[in-house]
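Just so you know, ligand 1 is whichever comes first in the structure, and atom 1 is the first atom listed for that ligand.
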Amino acid sequence: MEKTSQLTNQLEHTLGDAASATPDRIRRAPKVLLHDHLDGGLRPETIIELAQAVGYDNLPETDPKRLAAWFRDAADAPAKEGGAGLVRYLETFTHTCAVMQTRDALYRVAAECAEDLAADGVVYAEIRYAPEQHLEAGLTLEEVVEAVNEGFREGERRALAAGHRIRVGALLTAMRHAARSQEIAELANRYRDLGVVGFDIAGAEAGFPPTRHLDAFEYLKRENNHFTIHAGEAFGLPSIWQAIQWCGADRLGHGVRLIDDIHVSQDGSVKLGRLASYVRDKRIPLEMCPTSNLQTGAADSYHEHPIGLLRRLHFRVTVNTDNRLMSGTTLSQEFGYLVDAFGYTLDDLLWFTVNAMKSAFIPFDERLAMINDVIKPGYAELKAEWLFRPATGQPGVASGSAAERD
Ligand SMILES: O=c1[nH]cnc2c1ncn2[C@H]1C[C@H](O)[C@@H](CO)O1
Ligand SMILES: [Zn+2]
């Protein structure tokens, strides 16, 4: 009896160890990224080179390391100061957009984005940007979209040559303070199946409710197209409610404030309000971006980030980067922070990843093939690594455990 429990403990230990999410395993695990801004993920070296090429001399730093630190610090500042978080955070994009005004620059940034994500183990990504912010040097909206799409294709090819497979789709964003959403929605529709997979609105949330862009959303619905909406980041439940019930968003960008509609009692029992229930019942995906939320003040720490509770309650949570440059992060790092905060294992990471792939805007059969033929086998392989560890010469934990299980 005692021997049995000893072996059971060993078995649990071995399988627990097999599923542990070390930084190296997180990086090698196949990952899916649904919320990442093209203009928030440039390489610092590239910004400096592009600025020189176009004569932009307003960069705060001209050394790549110092420039990277500047972006991170500038994006951190809002939360530290407790000010108008998101608005200050968004000011940093002036510099990245300034160097993304030519065909070559957009092509390069998009290619490098795909390469960087692939090197981090991302196998599928939807990358968003606002075409209307790249017209200053005379490009048309169509030229912007084509340059970015071609850049993504080039990045996919380079990644493949380096031994990584990645597929990248574009989401076209309209800025919520501006008035071009209908035009951008039509653009997204025109380039559908040509590299663009959906639409989004972004920018300052307070004062710019999603219903300002209702025409664009209704148009996209009539066209059977897909869209996500940044909501519940800097503004609370009304923004989420409008995004879903008025605009019909397929997914929510961030959605952290949904927590305001969930009541946890002292005894640990949980009661969902009507909106939170609806989001969970309808399996509406939440594109959560932990570090970005800390920077804009939408969450106070990784430990307290609503993702912990929402995952426990089986909301359809996904993990994302938002802006890799401003947050000094990668998708692997975001998962690493959550592993440290919540003790997640590879099984949790697989759950988040399958959630994300199910929520992607590409056709169902392609999502399914990604899950069954790329993601699940990738995690299974990582979890099986212990089987091939060199023998230690100690009595075998593995053989005892396997025998016990049979
Ligand atoms: O987290 C965000 N919330 C709202 N807007 C954002 C966020 N991250 C980036 N943006 C804005 C700034 C970019 O210039 C724009 C398009 O990518 O989207
Ligand atoms: Zn965002």
Side-chain angles (χ1 to χ4, degrees), residues 33-42 47 71-72 74-76 78-79 84-101 105-106 109-110 113 125-136 141 144-145 148 169-178 180-181 184 187-188 196 198-210 212-213 227-236 239-240 243 249 251-257 285-299 305 318-329 331 334 356:
L33 179 56
L34 298 180
H35 190 133
D36 185 272
H37 293 256
L38 186 67
D39 51 332
L42 288 78
I47 302 176
F71 273 106
R72 171 89 211 218
D76 263 348
L86 181 59
V87 175
R88 284 281 315 279
Y89 175 90
L90 293 175
E91 285 167 13
T92 56
F93 290 82
T94 317
H95 300 296
T96 53
C97 287
V99 302
M100 295 170 70
Q101 298 299 332
L106 289 165
V109 169
C113 168
E126 291 179 1
I127 304 298
R128 64 190 75 195
Y129 64 99
E132 67 200 68
Q133 299 193 126
H134 305 279
L135 307 176
E136 280 165 26
L141 289 171
V144 170
V145 173
V148 172
L171 298 179
L172 301 191
T173 293
M175 299 308 291
R176 54 204 307 160
H177 62 268
R180 299 187 79 155
S181 48
I184 303 302
L187 192 68
V196 174
F199 174 82
D200 162 56
I201 56 166
E205 189 175 3
F208 301 103
R212 264 174 65 101
H213 306 282
F227 55 93
T228 174
I229 296 182
H230 276 78
E233 179 187 17
F235 203 68
S239 180
I240 296 178
R251 308 195 303 234
L252 285 174
H254 298 287
V256 268
R257 300 284 9 126
L286 305 175
E287 306 162 354
M288 310 212 93
C289 311
T291 302
S292 165
N293 293 156
L294 265 51
Q295 290 180 295
T296 60
H305 194 285
T318 69
V319 178
N320 301 275
T321 45
D322 208 10
N323 299 292
R324 286 168 289 120
L325 172 68
M326 286 72 182
S327 296
T329 198
L331 188 52
E334 293 301 298

Practice item. Applying side-chain contact (heavy atoms from CB on, under 4.5 Å), name anything that partners Ala202, two or more places apart in sequence or on another chain. Key: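 So Ala202 forms a side-chain contact (heavy atoms from CB on, under 4.5 Å) with His37, Thr173, Asp200, His230.
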Exercise for review: Show the numbers, then the answer: is there a side chain to side chain contact (heavy atoms under 4.5 Å, CB included) between Glu233 and Ser292?
Suggested key: CA-CA 10 Å; Glu233 179 187 17; Ser292 165; 4.2 Å; yes
Point to revise | Identified side-chain contact (heavy atoms from CB on, under 4.5 Å) partner of Asp36 from the options Asn323, Thr321, Leu171, Asn320 | key: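 Checked Asn323, Thr321, Leu171, Asn320 against Asp36; only one passes side-chain contact (heavy atoms from CB on, under 4.5 Å): Thr321.
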Check your understanding: Can you list the residues that meet the salt bridge (Lys or Arg N to Asp or Glu O under 4.0 Å) rule with Arg251, with sequence neighbours excluded?
Key ->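 Arg251: salt bridge (Lys or Arg N to Asp or Glu O under 4.0 Å) contacts with Glu126, Glu287.
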Practice item. Please indicate how many protein N/O/S atoms are found closer than 2.8 Å to the Zn ion (ligand 2), with waters neither displayed nor included. Key: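 If we list every protein N, O or S atom nearer than 2.8 Å to the Zn ion (ligand 2), we get 4.
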Point to revise | Proximal protein residues to ligand 1, non-hydrogen atoms under 4.0 angstrom | key: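 These residues qualify: His37, Asp39, Leu86, Leu90, Phe93, Tyr129, Ala130, Gln133, Met175, Ala202, Gly203, His230, Glu233, His254, Asp322, Asn323.
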Point to revise | Heavy-atom pair with the smallest gap, counting every atom of Arg257 and Phe235 | key: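 It is CG-O, 3.4 Å.
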Review point. Is there a donor-acceptor pair under 3.5 Å between the side chain of Glu334 and the backbone N or O of Thr291?
Key: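 At least one qualifying donor-acceptor pair exists.
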Point to revise | Donor-acceptor under 3.5 Å (Arg128 side chain, Leu34 main chain) | key: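 Pair found, side chain donor or acceptor close to backbone of Leu34.
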**Study point:** No-hydrogen, no-angle side-chain donor-acceptor test under 3.5 Å, Asp39 and Thr96
**Key:**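 Checked: Asp39/Thr96 side chains show no N/O donor-acceptor pair below 3.5 Å.
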Practice item. Only one of His213, Glu132, Arg176, Arg212 passes side-chain hydrogen bond (donor to acceptor under 3.5 Å, both in side chains) with Ser181; say which it is. Key: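 Exactly one option meets the side-chain hydrogen bond (donor to acceptor under 3.5 Å, both in side chains) with Ser181, and it is His213.
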